> 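Take a look at the following structure, please.
Heads up: numbering here begins at 1 and tracks the sequence. Since the model is a prediction, treat every value here as computed from it, not as a measurement. Start at 1 and go down the list; that is how both ligands and their atoms are numbered.
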Amino acid sequence: MSETKKLPELFGSLVFNEETMKERLSSASYGAWKRCVTEGTSLDISTANEIAEAMKQWAVEKGATHYTHWFQPMTGVTAEKHDSFIAPAGGGKIMMEFSGKELVRGEPDASSFPSGGLRATFEARGYTAWDPTSFAFIKEGSLCIPTIFCSYSGEALDKKTPLLRSMDEVSRQAIRILRLFGDTETKRVTAQVGPEQEYFLIDKALYAKREDLRMTGRTLFGAKPPRGQELEDHYFGAIRPRVAAYMKDLDETLWALGVLSKTKHNEVAPSQHEMAPIYSDANTACDQNQLAMEIMKKVADRHGLVCLLHEKPFAGVNGSGKHDNWSLGTDTGKNLFKPGSTPSQNAQFLLFLAAFIKGVDDYQDFLRATVAFPGNDHRLGAQEAPPAVISIFLGDELTAVVDAIIQGTEYQDSGKRTLKIGVDSLPAIRQDNTDRNRTSPMAFTGNKFEFRMPGSSMSISGPNIALNTIMAEELEQFADELEKSKDFQADLQKLIRRVFTEHQRIIFNGNGYDDAWLKEAEKRGLYNLPSTAEALPMYTTKKNMDLFVKHGIYTKEEINARAEIHIENYTTVISIEAKTMVDMIRHEILPAVSSYADQLCQRAYHKDAQGVPCKYETATAKEIGKLTDALASACEKLERDLTKTPADPKKAMTYSHDVLIPDMDKAREAADQLETMTASDYWPFPTYADLLFSV
Ligand code: ADP
Ligand code: MG
């Protein structure tokens, strides 16, 4: 990135954004695009042609030679197929060409993207279509056009299409509620998302020496280092120069791409950091988070580093998540989760809060399923925050309000004022940092909810599709009820009270980490789904299917396809990990510990011959021998069990979880013990201490 560019000039310089469109399009075409985005009208081909031409000219001026329809297949990563702009111009010359047709619709050869059986039953190929609500941008000489990806018969093969559908649906239902409160202005309600992204940075040369990191993104072996995160001095600590240089480069690269990267700081674990952008509409936030993850890896490479996005690269050290901050905002600039300053605004806030609480309670199992991913199993339900049980943290002040409503009593705020809900104004519910509960999976933080369960490597589309749809459903139920009411004020109070009463079990302000909470949660009848194998089946229960089909977010086939892909992915990931483990044991660990034991035996033999004491060598060699045999037999068992993996995808998932993971744990235990006993010169790859304190 150019050092001389000033930030305002740099920001968005590689984005074909609204300002650029205004500058480069006729006012008729700009107006047509704007209406398309705000009112959902369609674009005619002549407008598309003009936009394509302007886009191409702009991109070529910036040095682009190719264009690509950039999309998000169901794998959770992004995909692109690059075509160059060139077309023959006669006389051996070329011209740069890009038409409206090419902008609006592309046809990648998509036969190798997972479709969960969708394409087999419908069409063999899919098509991509421009999403005019997300700006095009230039990445590595290519004009990237954010697109949706569908089969010819219209089934969504991607993560963007259902997200856009869910955004429309929650907007529609939220507006019905706003009208009841006399709001006649709001035309659109937008789901707002700010994803905080955690990551690890390690040295590239060390990374290259670990097959497990290269193959699986995480360490499959590694004894606990003498120093981990106990000192807690890393969190918000001073950023080391090499990391600072990386962060600066990352920021500048992201800024040029229009990503509002705002916060950067160290995280709890050594080598762990966080990048948070300023929130935007959910669609842009999802696109930009995918882009940010890609850029984070590429920038690391330029700095001799590797950026690990895996949820748990190191055992015994905090894992990485992605906090999904979510709220609803109106096109008139109001945040619907912000407690208001008048009694009527407060009542409206409480109604949206009630919808959220009811929705999370009704669909806990589905929300849990959206973050079910093998890497995330090492965080959720594994002695790490947040737990696998879903609950909502409201903080003391808001909980007191909710309790007062349930009990029908008056509420006393911290200033000892007595307030009547719906009559007096609520106090500003502060986002108090001392009051922060970091163990809650879903925390209210003043004017938004922070969903802390998504894993660091995952697309945030799934969780946001779920939040939008759940919210749409509850708002619809409320609107159906209240639109019929003859006494709105009275029925509103009744509804809020009823919902809080019926769903208070989902509210929990204590330590989510505590075993006592798991027992309490069970008593309350909340779901505890500690692993992906247990959570994924929730995707396709009747209640959950009905919700998404009813709101037109997924068809039955689309939801089945997604469940199928996640189920197969689970088995694939575990099997790759198991095979990598076997490989490292056979080719690296066993030969290393065997030759070290050999060396000890020789020493003992020679020392003994000369009458020199050799108790240490003999005892160590014996212990290493025992552990080596244990490791070898654990490895054999893992290899044997791998071959017995059932063919049926659901059975294979359960089998991987119940059989292969315990096998791997056993092998790791022996290997990690061996690591602590083996001379450094003999140990075949970098240790945790090497990796975690390398940068
Ligand atoms: P934290 O203390 O958790 O780091 P921040 O205030 O830094 O909290 O916000 C975290 C993320 O939440 C940022 O990406 C921020 O832009 C986003 N955010 C703030 N307000 C909202 C909102 N109303 N809706 C959605 N996201 C928001
Ligand atoms: Mg946060």
Side-chain angles (χ1 to χ4, degrees), residues 11 163 166-167 170-171 174 186 188-199 234-237 239 247 250-251 254-255 258-268 272-293 296 318 320-340 345 348-349 352-353 355-356 360 385-386 392-395 398 428-454 456 460-461 463-468 470-471 512:
F11 187 81
L163 178 68
S166 73
M167 289 173 73
V170 74
S171 175
T186 301
R188 172 106 190 151
V189 170
T190 304
Q192 321 259 31
V193 170
E196 299 166 66
Q197 175 75 51
E198 290 180 335
Y199 62 97
H234 189 253
Y235 191 53
F236 287 133
I239 296 170
M247 286 178 168
L250 176 65
D251 271 348
L254 290 174
W255 288 336
V259 180
L260 285 155
S261 171
K262 167 96 173 153
T263 319
K264 49 185 186 184
H265 63 75
N266 290 346
E267 267 297 330
V268 181
Q272 194 185 28
H273 313 281
E274 180 186 292
M275 187 284 285
I278 296 173
Y279 69 96
S280 57
D281 70 90
N283 182 33
T284 302
C286 290
D287 279 359
Q288 293 195 337
N289 182 249
Q290 294 297 124
L291 188 58
M293 288 196 285
M296 289 167 99
N318 263 29
S320 298
K322 180 142 49 191
H323 295 174
D324 189 72
N325 294 273
W326 179 93
S327 70
L328 292 175
T330 67
D331 56 357
T332 54
K334 291 193 196 93
N335 176 349
L336 300 176
F337 285 103
K338 194 169 172 210
Q345 284 168 1
Q348 183 185 301
F349 161 73
F352 277 93
L353 180 69
F356 189 86
V360 172
I392 299 176
F393 169 85
L394 289 183
L398 194 50
I429 309 285
R430 283 173 322 225
Q431 181 181 356
D432 181 354
N433 275 317
T434 56
D435 190 32
R436 267 330 205 19
N437 181 325
R438 301 207 167 265
T439 66
S440 175
M442 184 77 83
F444 180 72
T445 49
N447 59 7
K448 62 184 190 290
F449 282 93
E450 183 171 346
F451 187 31
R452 302 205 180 106
M453 290 172 107
S456 47
I460 50 168
S461 293
N464 286 305
I465 292 166
L467 288 171
N468 296 343
I470 289 167
M471 198 64 191

> Is any side-chain heavy atom of Val193 closer than 4.5 Å to a side-chain heavy atom of Asp324?
yes
> Classify the contact between Thr445 and ligand 1 as side chain, backbone, both or neither, using a heavy-atom distance cut-off of under 4.0 Å.
neither
> For residues Phe393 and Arg452, determine if any side-chain heavy atom of one lies less than 4.5 Å from a side-chain heavy atom of the other.
no
> Under a 4.0 angstrom heavy-atom cut-off, which atoms of ligand 1 come close to Ile278?
16 (O)
> How many angstroms lie between atom CG of Asn289 and atom CE of Met296, to the nearest 0.5 angstrom?
8.5 Å
> Mark up the atoms of ligand 1 that fall under 4.0 Å of a heavy atom belonging to Gly194, in ascending order.
14 (O), 26 (N)
> Evaluate Pro277 for polar contact with ligand 1, using N/O atom pairs at a separation under 3.5 Å.
yes
> With backbone taken as N, CA, C and O and side chain as the heavy atoms from C-beta onward, which portion of Glu450 lies under 4.0 Å from ligand 1: side chain, backbone, both, or neither?
side chain
> I need the contact type for Glu196 against ligand 1. Using non-hydrogen atoms and a strict under-4.0 Å cut-off, is it side chain, backbone, both or neither?
side chain
> What I'd like to find out is whether the side chain of Met471 reaches to under 4.5 Å of the side chain of Phe352, using heavy atoms alone.
yes
> From atom 12 (O) of ligand 1, work out which of Val193, Asn325, Thr190 has a heavy atom at the shortest distance.
Asn325
> Can you tell me how far apart CZ (Phe451) and CG (Leu467) are? Round to the nearest 0.5 Å.
6.5 Å
> Number the atoms of ligand 1 from 1 as they appear, then name those within less than 4.0 Å of a heavy atom of Asn335, with their elements.
23 (N)
> Can you measure from CG (Leu336) to CD (Gln192) and round to the nearest 0.5 angstrom?
9.0 Å
> Got a sec, which residues hit side chain to side chain donor-acceptor pair (under 3.5 Å) with Ser461, two or more places apart in sequence or on another chain?
Ser459
> Polar-atom distance check: Trp326 versus ligand 1, any N or O pair below 3.5 Å?
no
> Less than 4.0 Å is my threshold; does some heavy atom of Lys338 fall inside it relative to ligand 1?
no
> Please indicate whether any nitrogen or oxygen in Ser327 is less than 3.5 Å from any nitrogen or oxygen in ligand 1.
yes
> Nearest 0.5 Å, please: how far is CD in Gln272 from CD in Glu198?
5.0 Å
